[in-house]
Q: 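Below is the structure I would like to discuss, written out as structure tokens.
Just so you know, these numbers use all the heavy atoms, side chains as well, and skip hydrogens, waters and symmetry mates. Each chain gets a letter, A, B and so on, in the order the sequences are listed, and its residues count up from 1.
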Amino acid sequence: MSNKIVLIDGHSILNRAFYGLPDLTNSEGLHTNAIYGFLTIMFKILEEEKPEYLTVAFDVHAPTFRHKMYAEYKGTRKPMAEELRQQVPVIKEVLHAMGVLTIECAGLEADDLLGTLSKRCEEKGMEVSVISGDRDLLQLATDHVKIRIPKTKQGRTEVEDYYAKDVKEKYQVTPQEFIDLKALMGDASDNIPGVPSIGEKTATKIIAEYHSIENAHDHVEELKPPRASKALREHWDMAVMSKKLATINVTADFPYELYEAKLGSLYTEEAYDYFQKLQFKNLLSRFDVTKAAEKVEEGFLEISDLYTAKQVFLEAAGAECVGACIFKNGKDVLPLFADQAQMGGIGLCFQKDKSYCIRTGEGISEKWLLERLSETAGSAGRFVMFDLKEALAYLRLEDPKNCFDATVAAYLLNPLKNNYTYEDVAREQLEILIDEKAKEQVKVCYEAYTAYRASSLLWDKLKECQMDRLFADIEMPLVFTLYDMEKNGVKVEAEALKFYGSQLGSKIAELEKEIYEDAGETFNINSPKQLGVVLFENMKLPGGKKTKTGYSTAADVLEKLAPDYPIVAKILEYRQYSKLKSTYADGLANYIGEDKRIHSKFNQTITATGRLSSTEPNLQNIPVRMELGRLIRKVFIPEDGYVFVDADYSQIELRVLAHCSGDQNLIEAYREAEDIHRITASQVFHVPFEEVTSQQRRNAKAVNFGIVYGISSFGLSQDLSITRKEAAQYIEDYFKTYPGIKSFLDDTVKHAKEMGYVVTLFGRRRPVPELSSSNFMQRSFGERVAMNAPIQGTAADIIKIAMIGVHKRLKGRQMKSRLVLQVHDELLIEAYQPELSEVKEILREEMEKAVSLDVPLEVDMHTGENWYEAK
DNA sequence: TTAATCACG
DNA sequence: ACGTACGTGATTAAC
């Protein structure tokens, strides 16, 4: 027979969770971190204790007796953060949905409820666990009442347990005496003043000896040290009041029926809906797989004989919609050589209550299976997969128009997520939970099934958000373009790269030696921590602290010291060389394939704004700004008989801004100007075009950049090393010159605050949940994001259109020239010599005519025998 | 796994 | 009063 009860201090645990976890929001912008943390802690406790009863106590937000007393003493409590406040009613609803009893009582604090309940339950002979983040509650500990204090340490929650003996052990006082201890030492977090000049040490000594403040007061003359004796005499009233404040009422009168606290199943349907809405994905796995899912699985079939497989493909021919997946066998194979990867088989689903897992094997060859799948895809009304780009390595798809990449669709609907797996989509769109431990064939069937079922739901949502055109006309065709780019890769001269690396290596060794000599000791220069200690403590350079963990040794800090201290200059140089060597020289070498080419990945579902990202390796951040780094571009070369053509948009983001804002002045400027920063300077600073100084131009350029980033006076002042006031003046002058921009940015932020998202010219959305934050910094960040995302995103849309156009024309004419890289506003083509002039024409046309704006889109183009020359 | 740093647009 | 520019990815050290 279990006779255990768990009592939770609701607000205290919410608070712990709120401050212990990073800010989380669901897609509606509701903050959820405290709720999530609370539930995690609660589940952990319940699993450990397996109690029969559970009750969560909350404070009522009317002033209570103890607060009122304190308010008279000194002001009021700090108000609760808005992000936390909004989570309080939600956790109560969630608990209710799980059948957990919550109590609150006007005029009583949660402490009093907990104290009274723990006493009542103990008297009934029950074992009691009280969960709180507050040490106050330690006074409730007995042999049968355990106080449990959860601590979040690096993401993991550990719980400290206190029975009466543990309190005594740790604090040298009994739980009862703990009240007196608090009365003397006070507790800032619980607004208990205590006696001035008596701290933890003294208080413990006094209470351990005299056991109560009253007894201590009776012997006040004997108290040591004299300071404490004096304090207690002079502030006796404070001690008495503090004791009253610190005492938890264990005989409060409120209605409570134990049977109501009896635990049933927490995992109810209602609770599931809440968890779904709150997007607590890993908590959802606690719910039993739904009955509906069990029914779905009845229709799953594993096939490994040719005859049945043939039947299935016959049935699938001409289906309205086909969902599919391809799975590998055994260990992962390098994606570069996906063609050679060992295939385990495929998943296939083309009707709502059946899904197949077809394995390769004796009767069924890989080749045959892929051919059938390709045919099926071709004849389908719609062919749906997750991560279609990866699958293209296996399939021959003739007409991309009927293809639907569910990963990309899910990304467009919410670009802020980290991943878009079929499990996620099944849960979000189909409300099906997939058991992680399910057998391979079941998972394979689920993936195909999810692709089949979710595509129409995703498509409807895309239409609802007016992203259907963006999806069908830009993102889906782009999948094919990116696949070809990845397959093409870019040729790299391994020998030259190796030589470059070894040169850097000797330079690094030289600098290392000099730095150790200057410092008078050896240390790891790559460790910011060690470096900080050497520079700012051992060598006593000025410029002290900056980060939480120690000194900042970032470049902008060191640059200020470099002119005066040769060692700092050497460190900066060392950093530069070692970055080049580790990331670029050595880093890139690891990715050169047998074909002497690097096949970097272009990711389509990573960024919040719609840009692409490049990984394994990242070819979008190859050095260019510094000559030394720029040299590395010489190792990127075209195939024999080919040349590079590199084209980049000139200030595409600013042009997008000019168009979207409709600011006549800026539009005019772009229609005429050769040099937009100069013309901006001329207009903002009211000087003739010819008389603009280089300083003025630099400033104007910085303002132009700032505008695109979502301007702030602080940011601009940092960039230009001027005061905030001066920066604010620049911004004001800029907006005076271009009033259309000011109103556009204001309108964008306003729209974002109303709708919760911003939109690009082509309908791409980015949610901005930060805008509803009560935290100034977070909200300001949201405002900058709202200003930047439509601009950066529209530019991304435009170059995507250009890429598709270029790709289509090159392919359509069966040219040998190929697109190899995209770097946000730049395209690199490996052009077959005889096709060079045609390629240049195509590239310019497709880029300039990707979209018609109110300002011209200008493209700079260069050719060369390597990337260094072509840029 | 996270924080710091630095490469790019 | 708050304390930052927007968007990425790779490497390294240190927990």
Side-chain angles (χ1 to χ4, degrees), chain A residues 22 153-156 415 523-532 546-558 571-572 574-588 590-591 600-603 606-626 628-630 632-633 648-649 651-653 657 702-703 705-720 724 727 731 758 766 768 770 773-793 795-796 799 821-826 871:
Chain A
K153 273 183 187 169
Q154 288 165 349
R156 230 175 289 165
F523 60 101
N524 188 343
I525 307 171
N526 284 319
S527 161
K529 200 176 167 184
Q530 293 182 35
L531 180 61
K546 213 179 166 190
T547 59
K548 298 161 233 174
T549 48
Y551 305 99
S552 169
T553 66
D556 58 337
V557 176
L558 298 189
I571 287 163
L572 283 168
Y574 173 92
R575 281 239 180 106
Q576 218 181 358
Y577 285 108
S578 75
K579 175 92 179 180
L580 289 173
K581 180 161 163 59
S582 65
T583 305
Y584 299 104
D586 301 346
L588 290 178
N590 293 326
Y591 288 97
S600 157
K601 278 185 170 174
F602 288 100
N603 312 296
I606 299 287
T607 71
T609 54
R611 276 188 176 181
L612 299 176
S613 97
S614 161
T615 52
E616 302 172 62
N618 181 356
L619 291 185
Q620 290 182 323
N621 71 346
I622 303 301
V624 68
R625 293 174 190 169
M626 306 282 266
L628 179 71
R630 192 174 189 147
I632 207 163
R633 293 181 172 231
D648 68 283
Y649 282 114
Q651 294 139 6
I652 186 169
E653 292 184 342
L657 177 63
V703 178
F705 266 96
I707 292 287
V708 171
Y709 290 157
I711 193 104
S712 75
S713 54
F714 186 90
L716 184 65
S717 69
Q718 283 278 299
D719 190 53
L720 285 176
R724 260 178 72 174
I731 294 167
V758 287
R766 160 154 190 188
V768 195
E770 296 87 349
S773 170
S774 66
N775 178 297
F776 173 85
M777 220 183 67
Q778 292 237 344
R779 207 170 50 246
S780 306
F781 174 70
E783 287 167 4
R784 294 195 295 272
V785 161
M787 293 189 257
N788 170 267
I791 304 170
Q792 191 183 118
I799 196 161
L821 293 180
Q822 186 253 41
V823 193
H824 309 308
D825 66 350
E826 169 191 359
K871 177 76 185 155

Q: May I have the step-by-step check of side chain to side chain donor-acceptor pair (under 3.5 Å) for A:Ser600 and A:Ser614, ending in yes or no?
A: CA-CA 7 Å; A:Ser600 157; A:Ser614 161; 3.0 Å; yes
Q: Counting side-chain heavy atoms from CB outward, which of C:dA14, B:dC6, B:dG9 is closest to A:Ala555?
A: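 Nearest nucleotide to the side chain: B:dC6.
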Q: Any side-chain N or O of A:Ser527 less than 4.0 Å from the OP1 or OP2 oxygen of C:dA14?
A: yes
Q: Rounded to whole angstrom units, what separation is found between the NZ atom of A:Lys581 and the P atom of B:dT5?
A: 23 Å
Q: Any side-chain heavy atom of A:Arg724 within less than 4.5 Å of one from A:Ser713?
A: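 With C-beta onward as the side chain, the pair touches.
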Q: Is the closest side-chain heavy-atom distance between A:Arg575 and A:Leu558 below 4.5 Å?
A: yes
Q: So, do A:Glu783 and A:Glu770 sit near enough that their side-chain heavy atoms are less than 4.5 Å apart?
A: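 Contact flag for A:Glu783/A:Glu770 side chains = no.
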Q: Is there a side-chain contact between A:Leu612 and A:Asn603 in this structure, where contact means two heavy atoms from C-beta onward sitting under 4.5 Å apart?
A: no
Q: A:Arg633 CZ to B:dA7 P: how many Å, rounded?
A: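 About 13 Å, once rounded to whole Å.
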Q: Roughly how far apart, to the nearest Å, are C:dA5 and B:dT5 at atom P?
A: 13 Å
Q: Need one value for A:Arg625: base, sugar-phosphate or nothing, where a base atom within 4.0 Å counts as base even if backbone is also close, heavy atoms only.
A: base
Q: Under 4.0 Å from OP1 or OP2 of B:dA7: is there any side-chain N or O of A:Arg630 that close?
A: no
Q: Need one value for A:Glu653: base, sugar-phosphate or nothing, where a base atom within 4.0 Å counts as base even if backbone is also close, heavy atoms only.
A: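 Contact class for A:Glu653: none.
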Q: Treat primed atoms plus P, OP1 and OP2 as sugar-phosphate and everything else as base, then score nucleotides 3-11 of chain C 5' to 3': B for base contact with protein heavy atoms under 4.0 Å, S for sugar-phosphate contact only, - for none.
A: BBBBBSBBS
Q: Between B:dA4 and C:dT4, how far is it from one P atom to the other, in whole Å?
A: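 Result for the P pair: 12 Å, nearest Å.
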Q: Mind checking if A:Asn524 touches a base, just sugar-phosphate, or nothing, with heavy atoms under 4.0 Å?
A: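 Since only primed, P, OP1 and OP2 atoms lie under 4.0 Å of A:Asn524, the category is sugar-phosphate.
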Q: Examine C:dT12: is either OP1 or OP2 under 4.0 Å from a nitrogen or oxygen in the side chain of A:Lys529? Give yes or no.
A: no
Q: What stems involve DNA chain C, if each pair must be Watson-Crick or G-U and both of its distances must be under 3.5 Å, with 3 or more such pairs in a row?
A: B:1-9 with C:6-14
Q: Taking CD from A:Gln576 and C1' from B:dC6, how many angstroms apart are they, rounded to a whole number?
A: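 Answer to the nearest Å: 10 Å.
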Q: Among A:Ile632, A:Asp586, A:Leu628, which residue satisfies the side chain to side chain contact (heavy atoms under 4.5 Å, CB included) criterion with A:Leu580?
A: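 Testing each of A:Ile632, A:Asp586, A:Leu628 against A:Leu580, the sole residue satisfying side chain to side chain contact (heavy atoms under 4.5 Å, CB included) is A:Leu628.
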Q: Is any side-chain heavy atom of A:Phe602 closer than 4.5 Å to a side-chain heavy atom of A:Gln620?
A: yes
Q: Starting at atom CZ of A:Phe523, determine the distance to atom C1' of C:dA14, rounded to an integer number of angstrom.
A: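 It is 17 Å, rounded to the nearest whole Å.
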Q: Hey, does A:Ser578 reach any base, or is it just sugar-phosphate, or nothing, if we go heavy atoms under 4.0 Å?
A: nothing
Q: Compare all side-chain heavy atoms of A:Ile622 with those of A:Leu588 and state whether any distance is below 4.5 angstrom.
A: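 A side-chain contact exists here, since the closest heavy-atom pair is under 4.5 Å.
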Q: Could you tell me if the side chain of A:His824 sits less than 4.5 Å from the side chain of A:Asp648, heavy atoms only?
A: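 Result no, sub-4.5 Å side-chain heavy-atom pair not found.
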